[in-house]
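Structure, as structure tokens:
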Amino acid sequence: LFGACADSRAPAPVARFEAHRDPSDARNAVVRWDFVPGAEGYLIRYGTAPGKLYRSREVRGQREIALHDLDVGTVYFFAIDAFNDAGVTPGTSVAKI
């Protein structure tokens, strides 16, 4: 891979994360996760069905993100991928809010 050392490995998957909708404004949510050793960043994917996580945000150096683009009255699903120079490790669990 370009920019990766021969012994580099993609990070482990994100083991734990949570997503919470803001009770005072349903358009907003906060997603929090545990850091993964060796990850340079995270890709938060979300959408209106588990297999349709078409929206995404890239995050580096943080373990939470606030989202302000949800539709009121719509259920959302979230997954988090970890990445580094060696590759992307897709999240294995999906949260529903």
Side-chain angles (χ1 to χ4, degrees):
L1 291 171
F2 180 77
C5 298
D7 61 328
S8 293
R9 294 184 184 162
V14 173
R16 267 186 344 137
F17 75 96
E18 57 188 42
H20 300 282
R21 203 163 210 150
D22 183 342
S24 65
D25 188 342
R27 297 171 297 176
N28 302 327
V30 173
V31 183
R32 293 182 182 94
W33 59 93
D34 290 341
F35 279 120
V36 174
E40 291 178 15
Y42 305 90
L43 185 65
I44 291 69
R45 297 180 292 120
Y46 58 107
T48 57
K52 297 182 179 187
L53 306 178
Y54 300 141
R55 294 182 184 180
S56 65
R57 294 289 195 294
E58 182 179 312
V59 179
R60 294 174 184 257
Q62 297 172 247
R63 57 179 295 263
E64 79 173 43
I65 185 172
L67 302 170
H68 305 286
D69 63 345
L70 305 182
D71 294 328
V72 174
T74 301
V75 174
Y76 283 88
F77 297 84
F78 295 81
I80 302 179
D81 306 335
F83 65 86
N84 62 19
D85 284 343
V88 177
T89 303
T92 57
S93 60
V94 176
K96 175 183 172 182
I97 63 168

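Here the structure is a predicted model, which is why all the values come from computation and not from measurement. We use all heavy atoms of the structure for the numbers below, so side chains are in, but hydrogens, waters and symmetry mates are not.
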Of all the heavy-atom pairs spanning [X] and [Y], show the shortest one and how long it is.
| X | Y | result |
| --- | --- | --- |
| G91 | D81 | N-OD1, 2.7 Å |
| A79 | V94 | CB-CG2, 4.5 Å |
| R32 | E64 | NE-OE1, 2.9 Å |
| V36 | P11 | CG1-CB, 3.9 Å |
| A86 | A10 | CB-N, 3.6 Å |

Atom pair [atom1]/[atom2] of [X] and [Y] - distance to nearest 0.5 Å:
| X | Y | atom1 | atom2 | answer |
| --- | --- | --- | --- | --- |
| Y46 | L70 | OH | CG | 6.5 Å |
| R27 | H68 | CZ | NE2 | 10.0 Å |
| R21 | Y76 | CZ | OH | 6.5 Å |
| Y42 | E58 | OH | CD | 12.0 Å |
| I80 | R16 | CD1 | CZ | 11.5 Å |
| F78 | R55 | CZ | CZ | 9.0 Å |

| field | Polar side-chain atom of D22 near backbone of A29 as donor-acceptor pair, under 3.5 Å | value | no
| request: State whether the side chain of N84 and the backbone N or O of G38 hold a donor-acceptor pair below 3.5 Å, judged by distance alone. | output: yes
Do [X] and [Y] share a hydrophobic cluster (ILVMFWY, side-chain heavy atoms under 4.5 Å, transitive)?
| X | Y | answer |
| --- | --- | --- |
| I44 | L53 | no |
| L67 | F17 | yes |
| V59 | F35 | yes |

| said: Determine whether I97 and H20 satisfy the following criterion, side chain to side chain contact (heavy atoms under 4.5 Å, CB included), listing intermediate values before the conclusion. | reply: CA-CA 7 Å; I97 63 168; H20 300 282; 5.7 Å; no
